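Heavy-atom basis, side chains included; hydrogens, waters and symmetry copies ignored. Just so it is clear, the structure is predicted and the values come from calculations on it, not from any experiment.
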Amino acid sequence: MTNHVSRRSFLKSAAGTTALILSISSTPSVLATDTDNSGNVTPCLRFTEDGQIFVCVPIPDMGQGMITTAAQIIAEELDLDPNQTGIEMMAFQGHADAEGRASEGPMPQGAGGSLSTMMVWGPLRHTAAYARDLFLHAAAIRWSVPLNHLETRNGAVYNKNTKVSLPYKYLVSDTRRTDYTVLRGNATPKAAKDRTLIGKDQRNVHATAIATGQPIFGIDSDIPDMKHAVIRRCPHLNGSLVSYDRDALLALPGVKHVVEIARRPDDLSRPRILPAGLAIIADSFWRAKKAADMAEIEWDGSRAAGESSAVLKARMAEHLETGEVADSKEGGDLAKAMAEADKVIEATYYHPHWAHACMEPHNCIADVKADSAEIWTSHQSITESINAAAAATDLPISKITSNVMRCGTGLGRKYAPDFVMEACILSKAIGAPVKVTWTREDEMEQDHVNPSAMYRMRAAVDAKGRLTGWHVRTAADGWIRNAAMEPPMGLVDNYRGEWGYIENNVRRGPWRGPQHNTAAWVIQGFLNEVAIAAGKDPLDFLLDLYSRKDFQKLDTWPFPLLEYERFRKILKAVAKDARYGRRMPDGWGQGIAIYHTFSGTCAHVVEIEMIGDTDYRVHKVTSAIDCGLAVNPLGVRAQVEGGINDGLSAAKYGNFRFEDGVPVTNNFDSYQMMRIGEAPPEINVRIMDFGDEDPRGTGEVALPPLIPALTNAIFAASGKRVRTLPISENL
């Protein structure tokens, strides 16, 4: 399979997948006709010479179904069948900011924070509605009839009186007239009552291609005359290249170039953007890898020498006792609440680092010339991939073309610039196209891992078993403050949250549901402990807690307004669906938890059976999610199921370890993941309907509450409280 420069030709060749291009520049008021393609009607539609329709999506897809959802939104407004159109990523439509960096306009072009559908919902609908208006006006002028005689159906304009129809493909040139009364900023999307696609299950448009192994991912790409690079990167958490034998490497079969890559920034006291490395460039990936494996390289890793996972954990425990507080939040009189409490409950929680373990290792093709550059890559952001290329080539963003392919998972790691920068640096150095492919070992050893932290928890309850005081003290190796800053703080009158930072050389980054993914476990796990200690059923305890206020505005990003009536309804719904509280056989247990993540909320009931004293089997997970308007309910359910399985895997096995400043977990033999036989055989998902007109977040929302629901179920089944992850090493 050859990807010849154009991503269109690449995607078109994928069997079972039609190509679709959605070139949306911003809001409808500033959309301009694409003069490079005579078949464009607004940037959201493209017509081929034979009349095939392509709709165009702005957000990369890494398994969250965004391509399908965006196509569904456009097809709704234009009365198209999304299964009869093609799909393709749009080119960058933003602009350069004052510093020359690529910047997005109103239409986002990056996936993160469970914001994609929320952010494109308005601009996409208005853009497609404007395209529909253009077709209607074009037909009205051609037929000399009033607009109110016309409507759109099945990709055509219909005359309601004469029953004559005209497919859009015959009106393309007519839409370019300049005498229309329709204004770009006044297009009105369909009313909810008139929709036929939104809110209905839509099959993933790439499902067949994925299931049959079609080359639609970035790692599948190639272009003519391309060389292959494998890079030996500094194995230390922080270090530099000292020496190597260039001549010996160049003498190996197929090796064409050996190129040093300098660490960025070169100041070792600052977090690395790009590790120091040595690139072996050859005529095939295998020859490059064999040569890289044989390279004898001396590294200086002294800056991180002595650092290990065990040492960092010990430093966290010490910091909880005597360390400085970097940030805090408090209210009421916590000391008084603790002194007057009927009971004070205390516990310490700890979780290690988690690796991303993306199924598709990072990759990028770069073709850098003197005055331009083009890249092909699996990246979460078109905008940030351009910025990465600009940083590596010193070219203005207007000279860079980014072809973002489908990602084989991203989970936050594929938002980083490093693998794009490497390909651009190497292509510029040798004056030819270069494909950089990471190995599995590269992907783990150079990961930007989920932060590690330890938490000292204290809670006060009164004689009635109600929570009256809450104290969280955190020692973390990264910016991981949510557990110390979020409810029940503010739901109880007396509280204090403290966050302390442990200096270290570990490179950290966002991991599905960043901060929330562990804060949920700490908060909901400890609330379960408090409920049991207070003699309360955990569900009743949560319902009482979330009855104390109607609303709460959070001061953690993205600063959502929590609506606690929704929390109560979600909890009651998931409890009812799971038959929570029923008598379970010996060795079985149910656990319940709820948590907000970004702008969405999800609750789970997990049912497990203990297998001996140190293992368990998850039999069933019952879920309820509040994601606002579910544009594609099938996609929402898929995201909940994916979040459940990611959470089960991380909770049971996730443990990225390093010793003496070097990662020692670098493949699936040392970083275990959950196997398919361990996945729950039954998952039931209820999508809550609160009458919302707009969607909320979905992609990361289900994972965080899964982990406390699981550990709470383990306690119910065994009496063992899991306060240290991973479960497989601490049960």
Side-chain angles (χ1 to χ4, degrees), residues 112-115 316 319-320 323-335 337-338 345-351 412 450-460 467-502 508-530 542 545-546 548-564 567 593-602 697 700-701 703-705 707-708 723:
S114 298
L115 295 173
M316 289 177 180
H319 194 96
L320 288 180
E324 295 183 0
V325 174
D327 197 6
S328 64
K329 177 179 179 177
E330 61 184 325
D333 190 337
L334 181 64
M338 292 293 177
I345 302 93
E346 299 185 7
T348 299
Y349 282 67
Y350 167 79
H351 58 81
N450 199 56
S452 175
M454 188 175 290
Y455 311 81
R456 178 74 50 78
M457 312 293 293
R458 290 197 304 152
L467 186 66
T468 57
W470 183 262
H471 183 202
V472 181
R473 183 172 170 84
T474 304
D477 76 332
W479 188 257
I480 182 168
R481 302 163 54 252
N482 284 34
M485 302 291 157
E486 295 197 344
M489 294 186 190
L491 281 175
V492 293
D493 294 331
N494 310 296
Y495 58 87
R496 178 170 175 79
E498 302 166 301
W499 170 71
Y501 175 64
I502 310 295
R508 299 162 303 277
W511 194 101
R512 190 174 188 173
Q515 296 203 55
H516 300 278
N517 51 33
T518 49
W521 171 59
V522 173
I523 291 171
Q524 289 287 311
F526 188 55
L527 282 173
N528 186 272
E529 288 199 55
V530 175
L542 291 175
L545 179 64
Y546 296 128
R548 300 188 185 188
K549 285 186 177 180
D550 294 328
F551 305 97
Q552 186 177 4
K553 179 73 171 177
L554 298 191
D555 53 10
T556 51
W557 189 88
F559 316 108
L561 179 68
L562 302 187
E563 303 172 60
Y564 287 120
F567 275 51
I594 186 172
Y595 204 72
H596 67 280
T597 299
F598 302 131
S599 298
T601 305
C602 189
E700 295 163 288
V701 177
L703 187 150
I707 299 176
R723 301 188 184 97

Non-hydrogen side-chain atoms of [X] and [Y] separated by less than 4.5 Å:
X      : Y      : answer
Arg508 : Ile480 : no
Tyr501 : His319 : no
Leu527 : Leu467 : yes
Arg723 : Glu529 : yes
Asn517 : Arg512 : no
Trp521 : Tyr595 : no

Output the distance between atom [atom1] ([X]) and atom [atom2] ([Y]), rounded to the nearest 0.5 Å.
X      : Y      : atom1 : atom2 : answer
Asn482 : Thr518 : CG    : OG1   : 8.0 Å
Glu346 : His471 : CD    : NE2   : 10.0 Å
Ile707 : Gln524 : CD1   : CD    : 12.5 Å
Asp493 : Arg548 : CG    : CZ    : 8.0 Å
Asp477 : Met454 : CG    : CE    : 11.5 Å
Asn450 : Gln515 : CG    : CD    : 9.5 Å

Go through the structure and list residues passing salt bridge (charged side-chain N to carboxylate O under 4.0 Å, His left out) with [X], not counting sequence neighbours.
X      : value
Asp327 : Arg481
Arg496 : Glu330, Glu498
Glu486 : none
Asp555 : Lys329

Looking at every heavy atom in both [X] and [Y], which two are closest together, and how far apart are they?
X      : Y      : answer
Met457 : Trp470 : CE-CZ2, 3.7 Å
Met485 : Gly497 : CE-O, 4.3 Å
Leu562 : Pro487 : CD1-CG, 4.0 Å
Phe526 : Tyr349 : N-OH, 3.3 Å
Ala337 : Gly469 : CB-CA, 4.3 Å
Ala519 : Ala483 : CB-N, 3.7 Å

* To do: Output all residues satisfying ring-ring contact (aromatic ring centres under 6.0 Å, His included) with Phe567, sequence neighbours left out; order by chain, then residue number.
  =>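 ring-ring contact (aromatic ring centres under 6.0 Å, His included) check on Phe567 returns Tyr546, Tyr564.
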
* Using ring-ring contact (aromatic ring centres under 6.0 Å, His included) as the criterion, list what pairs up with Phe598, not counting sequence neighbours. =>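 Listed in chain order: His516, Trp557.
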
* To do: Taking atom types as modelled, find out whether Thr597 and Glu700 have a side-chain donor-acceptor pair closer than 3.5 angstrom.
  =>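 The criterion, which ignores hydrogens and geometry beyond distance, is not satisfied for Glu700 and Thr597.
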
* Asked: Run the side-chain hydrogen bond (donor to acceptor under 3.5 Å, both in side chains) check on Tyr455 and His351 step by step: do they pass?
  -> CA-CA 9 Å; Tyr455 311 81; His351 58 81; 2.7 Å; yes

* Asked: Backbone N or O of Gly697 within a donor-acceptor pair of the Ser599 side chain at under 3.5 Å?
  ->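 No; judged by distance alone, with no hydrogens or angles, the pair does not exist.
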
